[in-house]
Amino acid sequence: MNRIVLTIAAVVLAAVSLPCSSHATSAFDQRLSPDQQLVHALNRLTFGPRPGDVQELRTIGLTKWMELQLHPERITENPVLEQRLKPLESLRMTLPEVVAGYTPQQNMDVMMVQGPAEAINKLPQGDRRKVINGTAEERTAVLDAMDQETRTRILGALPPNVIAFTPKYKDEAEKARQAQQEQRQAQNRLRNPQLRDLLTADQIADVRSGEKDKVLTVFAAVDPGKRVDVAGLIPPKSQAFVPQYRREAQFKRAPRTVASEDLKEARVFRAVYSNRQLEEVLVDFWFNHFNVDSTKSVGMTQNLGHLLIGSYERDAIRPYVLGHFKDLLLATARHPAMLYYLDNWESVAPDAFEVGPYAPRRGTLNGVPNSILPNGLQRLAHGLNENYGREIMELHTLGVKGGYTQDDVIAVARCFTGWTVRNPERPEFVFAPFMHDAGEKTVLGHRIPAGGGEQDGLTVIDILARHPSTAKFISLQLARHFVADNPPQALVDRMALTFTKTDGDLRAVMETMLRSPEFFSEGAWEARVKSPLEMAAGTIRALGGEVTDAFALVQRIADMGEALYGKMEPNGYPDVAETWLSAAGLTARMNFAASVASGQVPGVDVDTSRWNGIDNEAIARALLGRPASKQTLDAIGAGLEGKDPSPAVVASLVLGSPDFERR
């Protein structure tokens, strides 16, 4: 964004205040006009209206359209979306296939280090003993008898403390070790070259510039066999211009992250293109509610979360967003991503140290003796872990004021002991009886008899899913997301009543909300602020843009404050306006709007020429689906006075204004 656009955007931001976090109760009693209802529905139940959507909704009818969105299986999916998702192979793989296909191969450097030691192992047994454990005289005699090539390999492999007692070959051994180290470094350099090995200094400057023409010129000049290596070494802003090499380069250097990058790009593609918009909005909502961090490592296994996150959304979230809450809760509880994220996979009964597998190394898992289980299940015994027991009540069901105590946290944690994962190489849910606390528990006043095994956890799921506090908490979260940061209590109560009567039928709860007078009220109108994902997808949809590659968009969304699938804390991103309204976040949003409107975001194509000769008010109406506020139009007019800006500049100002930030 150039200086003048930044200045004008600041004027717009200052001229129009962002929405307050609360509304007078009377505002929720005032119904929106029919035209406002159309725009409001598109802003709340989709990622934003596209050109022509308001008219299409008017033709279909608002009630019929909402009914279809509540039953996404009745909606034919956009074939463009299917084309965009096709290259993202990991999305269609089973979890074992993703783990097998995107796990780094054995480290070649380790194999090379072991090579010289293998030379010692090939020596005759007597010579091997003398070289490793013999006297200095015995070792020297064996080395004297070797040819030079063999002796050099052996000397390079011997530990320094052994060579220290072999004076005759001390210097030669040092040279051998240095030569082997240089050889390893040279071979590693061939496998993992740096930019200075591949490009000239001028070319390096060009590929790091982030300027499309310079980046493409360098790639055109580079040997085709080196382009993947170059793509893996340049900044993300430059990688965005070479998608044909970027994914392969990432797979070569960090294969696990490719799986999570596939999911991030898919999230953007679905938000922009899916015809089943409400389903996508709900997937985004419920993933945040049951948040897991894709960047978390598990024990010694780095970046395992990158492999699990796609399956977690696909298998534990997406199928249940309009189903029964209990099924959603159970699916997340059993998924390896959640079990690893909140550490339940290694939570064991306190007495397992005495009678379980840890001291005597005994016990079974599905009939397999623990002593011969893969290393991943022979985990460190950390004892009872309360993380999941606390978060399933505080964040997932009852809410922080839901009426549970610390004793309930401990009891729930005990119920879930044994709910674990087989191992990092085979990340599937298993119940391990030898880890389970078989004693009697009491959860929220409910007695759970001893000896229940896996059923203890299922009983807890049932208790929590049917608890009155859960009905209220889930209804509040949904009303906050779809109505206002502080929704009317009467609406929340009606939604909670539906939740209770229907045994947690989320579609029915949504229907209660959508049919309520509060949803289509003045109090709900523009009462929410878009998240960075909503901002990005909504901007492209409003412009009628096309996304051919979502990599750069994923980076821009992170710049605006929302790292997709990367929120470290289990509570996810707070779903209120203040979360997104930092000075840095607002600046990033205005920069993003200007970049997209001017065609400067790689992988995103927009055409603003259709607005040539059109006044500011008409451009604003086209982008917002409704007339712009007087304050916004006045601010844009004042900032552009005496100038003849292009439609792209006007569009960027509208997209960066509070009118567009609200939804």
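Note that this is a predicted model, so its numbers are computed, not measured.
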Donor-acceptor contact present, side-chain Glu394 to main-chain Glu391, <3.5 Å:
no
Decide yes or no for Val281 and Phe285: does some side-chain heavy atom of the first lie under 4.5 Å from some side-chain heavy atom of the second?
no
Under 3.5 Å, side chain of His335 to main-chain N/O of Ala337, donor-acceptor pair present?
yes
Heavy-atom donor-acceptor pair, Lys441 side chain to Ile448 backbone, under 3.5 Å:
no
Side chains of Phe325 and Trp286: closer than 4.5 Å at any heavy-atom pair?
yes
Check this for me, if you would: do Lys472 and Asp493 make a salt bridge, where the nitrogen-to-carboxylate-oxygen distance has to be below 4.0 angstrom?
no
With distance as the sole criterion, is a donor-acceptor pair present between the side chains of Ser90 and Asp262 under 3.5 Å?
yes
Atom CD of Glu248 with >12 non-hydrogen neighbours under 6.0 angstrom
no
Given Thr257, which of His306, Gln250, Lys264 fulfils the side chain to side chain donor-acceptor pair (under 3.5 Å) condition?
Gln250
Ring centres of Phe251 and Tyr102 under 6.0 Å apart?
yes
Test side-chain contact (heavy atoms from CB on, under 4.5 Å) on Phe499 and Leu506; report intermediate values, then the result.
CA-CA 7 Å; Phe499 187 102; Leu506 297 174; 4.2 Å; yes
Can you check whether Asp343's main-chain N or O pairs, donor with acceptor, with Ser347's side chain at less than 3.5 Å?
no
Looking only at atom types and distance, does a side-chain atom of Thr512 sit under 3.5 Å from a main-chain N or O of Thr498, one as donor and one as acceptor?
no
Below 4.0 angstrom, N of the basic side chain to O of the carboxylate: do Asp456 and Arg414 qualify?
no
Against the six-membered ring of Tyr565, is Arg267 placed for a cation-pi contact (under 6.0 Å from the centre, within 45° of the normal)?
no
Will you find, in the side chains of Thr405 and Asp407, an N or O donor that is under 3.5 Å from an N or O acceptor?
no
Close side-chain approach of Asn121 to Arg128, heavy-atom, < 4.5 Å:
yes
With a 4.5 Å heavy-atom cut-off, do Leu330 and Leu458 have their side chains touching?
yes
Measure from the side-chain N and O atoms of Arg422 to the backbone N and O of Pro427, and report whether any donor-acceptor pair falls under 3.5 Å.
no
Whether the Glu279 and Ser274 side chains hold a donor-acceptor pair (N or O, under 3.5 Å, no angle test) is what I'd like checked.
no
Donor-acceptor pair, distance only, cut-off 3.5 Å: does the side chain of Gln277 make one with the backbone of Ala271?
yes
Are any non-hydrogen side-chain atoms of Arg256 and Thr103 less than 4.5 angstrom apart?
yes
If we only count heavy atoms from C-beta on, is the Leu342 to Met338 side-chain gap below 4.5 Å?
yes
Lys/Arg-Asp/Glu bridge criterion (N-O < 4.0 Å) met for Lys567, Glu569:
yes
Has the side chain of Asn288 got a donor or acceptor atom that lies under 3.5 Å from a matching backbone atom of Gly572?
no
Under a 4.0 Å threshold between the charged nitrogen and the carboxylate oxygen, would Arg84 count as salt-bridged to Asp549?
no
For Met495, the option from Val509, Thr500, Val483 that meets side-chain contact (heavy atoms from CB on, under 4.5 Å)
Val509
Ignoring hydrogens and angles, tell me if any N or O in the side chain of Gln239 forms a donor-acceptor pair with the backbone of Arg246 under 3.5 Å.
no
Please examine the side chains of Phe416 and Asp437, heavy atoms only from C-beta on, and report whether any two atoms are closer than 4.5 Å.
no
Using the rule side chain to side chain donor-acceptor pair (under 3.5 Å), only one of Arg528, His289, Gln477 pairs with Asp575; which is it?
Arg528
When you check the gap from the basic side-chain N to the acidic O, do Arg390 and Glu386 get nearer than 4.0 Å?
yes
Backbone N/O of Gly445 and side chain of Thr442: donor-acceptor pair under 3.5 Å
no
Does Arg318 come within less than 4.0 Å of Glu280, counting only side-chain N to carboxylate O?
yes
Check whether any side-chain heavy atom of Trp580 lies under 4.5 Å from a side-chain heavy atom of Tyr573, and answer yes or no.
yes
Can the ring centroids of His436 and Phe431 be said to lie less than 6.0 angstrom from one another?
yes
Inspect the contact between Arg480 and Asp485 and indicate whether a charged nitrogen and a carboxylate oxygen are less than 4.0 angstrom apart.
no
Assert yes or no for the condition that the ring centre distance of Phe287 to Tyr312 is strictly below 6.0 Å.
yes
Before accepting this row, confirm whether a basic side-chain N of the pair Arg270/Asp284 lies closer than 4.0 Å to the acidic partner's carboxylate O.
no
